[in-house]
Enquirer: 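Let me give you the structure first, and then I'll get to my questions.
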Amino acid sequence: MPEIPKTYEPQAIEEKWYAEWLEKGFFTANPHSTKEPYSIVIPPPNVTGVLTLGHVLNNTIQDILARRARMLGREVLWLPGTDHAGIATQNVVEKSLRKAGTMKHRDDLGREKLVEKIWEWKEEYGGKILKQLRALGASCDWSRTRFTMDPEYSVCVQRVFVDLYKKGLIYRGKRMVNWCPVALTALSDEEVIMKPTNGFLTYFKVEVVESPGTFLTIATTRPETIPGDTAIAVNPNDPRYAHLIGKHVRRPLPLENQAAIPIVAEESIDIAFGTGVLKVTPAHDKADFEIGQRHQLESIEVIDPRGVMDALAGGDLEGLDRFEARKKVVEMLGEMGSLEKEDPYQNNVGYSERADVVVEPRLSEQWFLKYPSVEQARRCVEQPEIRQTEERVPDGKPLGAHSLAGKLGLQPAPSTQVSLTDLLSNVNEKECKMHFYPVRWAKVYDHWLGGLQDWCISRQLWWGHRIPVWYHQETGEVYCGLEAPGDGSDAVNKSQESPWKQDPDVLDTWFSSWLWPFATMGWPEKTPELAKFYPTTDLVTGPDIIFFWVARMIMAGYEWMGEMPFKNVYFTGIIRDKQGRKMSKSLGNSPDPLDIIAQYGADALRFGVMRSAPLGADILFDEKNVELGRNFCTKLWNAARFRQMYEGAGSEIEGEINPTLLTSDDRWILLRLDVAIREVSTALDEYRFSDAANALYRFFWSEYCDWYLEASKAALGRVPLPTEVPMSAAEVAAAYPLRANTLAVIDFILAHTLRLFHPFLPFITEELWESLGFRDDLPARQGGDTIMFAHWPKPFEEDFKQHYGLTSEAEKAANAKYDTVLAGRNLRSTYNIPSNKRVRFVLQPTGDLLPHDAEVLKILLNAEALDIAADYAAPQGTPTNLTPLGHLYLPLEGLIDLDAERERLSKEIAKVTDELAKVRAKLANPGFAEKVPAAVFDEHRQRERNWQEKLGQLQKLLANLS
RNA sequence: GCGCGGUUAGCUCAGUGGUAGAGCACUACACUGACACUGUAGGGGUCGACAGUUCAAACCUGUCACCGCGCACCA
């Protein structure tokens, strides 16, 4: 097997393994496999996208899930792809074409040409992000890469449109829509972001036509729309104005047409706001439009699609931008003497999500969709109340598993915490539930579904799925279908232009994205992929697209597949910089993940990000975390090198461990491994990735390296072996059985930890899996050719533990030893013994001590010698600490600083006295003894005795000093 | 206005009733034969405030304050 180089150089290793994985087809899903399926569809990034830290977070999580699923023996499909992202992509390409001088305006090229150019751009530059994902180690099945405008995918989109049209859920209508004056298209409500915006509340007065000399004052934030006003509205219950209803006022603008407009009654008017008088502009305000409908008011459009005032706004305003016009109108009102005042005012204004400009409500002809399968979508997501594991009953005691199990007629497993979720999973109702992580998003989801407005699905763009509707130019007939309709005459007459013209609009990008989980798998055919992998298992995405995408996918899933599209949805947090600010290009706080990978390695980035990504919280990205990941990889690397210094690496695993030769250190680390396996598995089952990463970090670094490897040096002895003649591994094993057994334990630990780490650190674990020889003796697809399919470690069985003596006594024995070490090291530093000075310790043992354990103590204490002397008579003032194994002395032969020792002891006594007082106060509390559970009571009594004993000894020591 | 999340060490965060924890940062010592991308030891917190429940509260209940987010919206 290859020797492990001194330093870990991730770049070469990562490239090598990724190429190998691809070549061997390890990522390719087999829909005909008999293995249980696991599937996940990537949230398709924009085809124009480049990798950001947000993607790193999201896709690392998906990769961890996919890799672990493979190790659990599942047939894994992780399906990648990109989204055509209508507005964004058209913008990007138009910009580059303008820059290249190919065109000034899209009309220069025309629709067909521009779309062609966008396709060209897509083929050449699009999907860059997917290549970047490979650098991260993403184990996607690239053979199944999809694009939302693939021909087959487009057919799905059209089919769905036609289907909904036939079901009567799609209609066309002239409605108030959110209009983006930059993108020149309608937007859905979800694409409008409300932002508090500073402006003015302008007060101006108008004269009542029927009562000259009577004026009404109106407060408005949008004076530029005055020329479009066709009424004034007041609340009929407002005594100030009720008598004026039915009369008219003179509209001040445009000057050319100061029409008399009616005063109408509207219950919805807030009497307390402004002056209680509302100007009504049906053409440029959603609420005003509705008032207009109720009172059959005229609609006067005074702002054109670009946000520029038109002719109807009057000669003074025509051609002005709407915001310039706003200033101009105020000026004009002032000149007329109509302006009363302008108050600074902050209100919420809608902005276009993409272009970040103020959206203009505008009346226009659009296609709308009444959402399908809403009730199913709403019912299928598990709500937080159900997830609650404890319900309180009046006496304050948790309603535990037993009573609940009783209700459900189930027997809980003894001594294990049974959650309500587990119990309910046995109940039918529960079977069909989809789980959100964190569950609180389910409430947000439900709330949105409860107040759905029809979805405006048409966009006035060129890049996207064309609406499959044709209008007959002569008859006005409307046709909706997959193919353009024939004109009824014979097709021979090809040169003649068809009288059918297709609707020029394209569909909202999300109208294709919502089909992603099944359109990517070949729907509407009954493909093996759909049969095997739908519904998908997990979806990993950001909560910001819960309405845009997640909710709509769920509805689409029910509507066309009759089933939920995924079983679990994991919502990541948002990646922020270390000051908590959002990553943004303008702030320059958004590092390029590829730079980070080049500097630290992909594994380091993955581990660093995952370690700081708790479920449901935002992630503050700090390069320090990546550094920590890199350091950890180095640690792993060196721990493997340590193993390789000794003979026979990799050739003896599991079965080779001889239980009779196990030391307490061996038993201890095996027990810690068992705990780590359980913790990591449970954490991953519950999508607590940072907990899993932390548990692994702690186990490998703090337990395995810091304690076990150091202790193992006692059993391993020196390298090279103290023999002249070279020996084979088997001969060494025969000659040094303890050493061989320790190496077997090390191999066992490494073989398990590499597998536990693989989902997080795919590259370095694969490299070491090979270097340490763990491939040998394993069947090809179970770790023999790659760690990717090695079995995920299982917690130890009881009989395994019994066989190897993995008992709590063994653990206690090791812990006693380690506590003794800590006490000794503490003595060293208290007396300022330099770390490299080897000193002599004396232990006055309270019980038996194995020679091997004494050797371990000596090594861990970095002692020159450790004397075991039951009858040791310590010279006066010899520094000592009470340890679980007895008194440990640090004889310093006359070098003792009595004052320092006195001070140390006094400090210690103060601490112990304090603790003793605390526990005594509790015990003295009336009611404590009666009400507290026996175990807790005993534990407190024991604690009291321990502190008491320790205090006595400390006091004795202090007394000996004087 | 309604809803959700948060407030624990200098920083980022674990911790769902019984002796306050981790990582980073900081201090001291040491380049000891896997590792200075390291090791060892150490300092540092009245757990946002107030009140309540309890033998016992960081944890449960209530009120408030501040921070963040979502939804709705009155011009």
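Below, chain A is the first sequence line, B the second, and so on; all start at residue 1. All values reported here derive from a predicted model rather than from experimental measurement.
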Enquirer: Between A/E908 and A/K950, is there a salt bridge with N-O shorter than 4.0 Å?
Expert: yes
Enquirer: Report the distance from atom CG of A/L827 to atom C1' of B/U40, rounded to the nearest whole Å.
Expert: 14 Å
Enquirer: Given B/C74, is OP1 or OP2 found less than 4.0 Å from the side-chain N or O atoms of A/Y345?
Expert: no
Enquirer: In whole Å, I'd like the distance from the CH2 atom of A/W701 to the C1' atom of B/G23.
Expert: 11 Å
Enquirer: Students often get this wrong, so: under 4.0 angstrom with heavy atoms, is A/N347 touching a base, only sugar-phosphate, or nothing?
Expert: sugar-phosphate
Enquirer: Could you check whether A/K341 and A/T202, counting side-chain N and O atoms only, form a donor-acceptor pair closer than 3.5 Å?
Expert: no
Enquirer: Does any residue of residues 265-273 of chain A have a heavy atom under 4.0 Å from RNA chain B, and if so, which ones, in number order?
Expert: A/I269, A/D270, A/F273
Enquirer: Which nucleotide wins on minimum distance to the side chain of A/N631, given the candidates B/C37, B/C31, B/G23?
Expert: B/C37
Enquirer: Is any side-chain N of the basic residue among A/R251 and A/D229 closer than 4.0 Å to the acidic one's carboxylate O?
Expert: no
Enquirer: Rounding to the closest angstrom, what is the interatomic distance between B/C2 and B/G18 at atom C1'?
Expert: 39 Å
Enquirer: When the distance from CD1 of A/I833 to C1' of B/A28 is rounded to whole Å, what number comes out?
Expert: 14 Å
Enquirer: Could you tell me whether A/L620 contacts a base, only the sugar-phosphate backbone, or nothing, with contacts defined as non-hydrogen atoms closer than 4.0 Å?
Expert: sugar-phosphate
Enquirer: Quick one, A/R943 with A/N946, criterion side-chain hydrogen bond (donor to acceptor under 3.5 Å, both in side chains). Give me CA distance, side-chain angles, the key distance, then yes/no.
Expert: CA-CA 5 Å; A/R943 207 190 298 166; A/N946 289 347; over 6 Å; no
Enquirer: Touch check for A/N348, heavy atoms < 4.0 angstrom, all strands: base, sugar-phosphate only, or nothing?
Expert: base
Enquirer: Does B/G23 have a Watson-Crick or wobble mate here (both distances under 3.5 Å), and if so which one?
Expert: B/C11
Enquirer: Pick base, sugar-phosphate or nothing for A/R611, based on heavy-atom distances below 4.0 Å to the nucleic acid.
Expert: sugar-phosphate
Enquirer: Categorize A/P933 for me: base, sugar-phosphate, or nothing, with a 4.0 angstrom heavy-atom threshold over every strand shown.
Expert: base
Enquirer: Of all the nucleotides listed (B/A34, B/U19, B/C74), which has the minimum atom distance to the side chain of A/K918?
Expert: B/U19
Enquirer: May I ask you to say what A/L201 touches in the nucleic acid, namely base, sugar-phosphate or nothing, with a heavy-atom cut-off under 4.0 Å?
Expert: nothing
Enquirer: If I pick the C1' atom on B/G23 and the same atom on B/U63, what distance separates them, to the nearest angstrom?
Expert: 36 Å
Enquirer: Could you tell me whether A/E627 contacts a base, only the sugar-phosphate backbone, or nothing, with contacts defined as non-hydrogen atoms closer than 4.0 Å?
Expert: nothing
Enquirer: With no angle test and no hydrogens, is the base of B/C37 tied to the side chain of A/R630 by a donor-acceptor pair under 3.5 Å?
Expert: yes
Enquirer: Using the C1' atom as the point on both nucleotides, what is the distance between B/C26 and B/G5, in whole Å?
Expert: 32 Å
Enquirer: When the C1' atoms of B/C11 and B/C4 are compared, how many Å lie between them, rounded to an integer?
Expert: 26 Å
Enquirer: Classify A/K837 by what it touches in the nucleic acid, base, sugar-phosphate, or nothing, heavy-atom distance under 4.0 Å.
Expert: nothing
Enquirer: State whether the number of non-hydrogen atoms from other residues, nucleotides or ligands found under 6.0 Å of A/R294 atom CZ is greater than 12.
Expert: yes
Enquirer: For A/S829, which contact category applies under a 4.0 Å heavy-atom criterion: base, sugar-phosphate, or nothing?
Expert: sugar-phosphate
Enquirer: For A/P933, give me all partners under side-chain contact (heavy atoms from CB on, under 4.5 Å), at least two apart in sequence or on another chain.
Expert: A/V936
Enquirer: Is the closest basic N to carboxylate O distance between A/K624 and A/D622 below 4.0 Å?
Expert: no
Enquirer: Checking all strands, does A/D288 fall into the base, sugar-phosphate, or nothing category for heavy-atom contacts under 4.0 angstrom?
Expert: nothing
Enquirer: Categorize A/W947 for me: base, sugar-phosphate, or nothing, with a 4.0 angstrom heavy-atom threshold over every strand shown.
Expert: base
Enquirer: Take atom C1' in B/U8 and the same atom in B/C59, then report the distance between them in whole Å.
Expert: 11 Å
Enquirer: How far does the P atom of B/A41 sit from the matching atom of B/C67, given to the nearest Å?
Expert: 42 Å
Enquirer: Has the side chain of A/S612 got a donor or acceptor that lies under 3.5 Å from a partner of the other kind on the base of B/G23?
Expert: no
Enquirer: Tell me if the CD atom of A/Q453 is crowded by more than 12 foreign heavy atoms within 6.0 Å.
Expert: no
Enquirer: Scan every strand shown for a Watson-Crick or G-U wobble partner of B/G43, both distances under 3.5 Å, and answer none if you come up empty.
Expert: none
Enquirer: Figure out the CG/P separation between A/D544 and B/C69, and round it to whole Å.
Expert: 13 Å
Enquirer: Rounded to whole angstrom, note down the C1' distance from B/G21 over to B/G68.
Expert: 26 Å
Enquirer: Where does the angle between the aromatic ring planes of A/F571 and A/W441 fall among parallel (under 30°), tilted (30 to 60°) and perpendicular (over 60°)?
Expert: tilted
Enquirer: Just how far, in rounded Å, is P of B/A72 from CG of A/D446?
Expert: 15 Å
Enquirer: Between A/E224 and A/R326, does any NZ, NE, NH1 or NH2 come within less than 4.0 Å of an OD or OE carboxylate oxygen?
Expert: yes
Enquirer: Identify whether any heavy atom of A/C633 sits under 4.0 Å from a base atom; if not, whether one sits that close to sugar-phosphate; answer base, sugar-phosphate or nothing.
Expert: nothing
Enquirer: Could you tell me whether the side chain of A/K635 has a donor or acceptor atom within less than 3.5 Å of a complementary atom in the base of B/C35?
Expert: yes
Enquirer: If you check every side-chain atom of A/R440, which of B/G5, B/G70, B/A30 has the closest atom?
Expert: B/G5
Enquirer: Considering only the C1' atoms, how many Å lie between B/G45 and B/U12, rounded to the nearest integer?
Expert: 15 Å
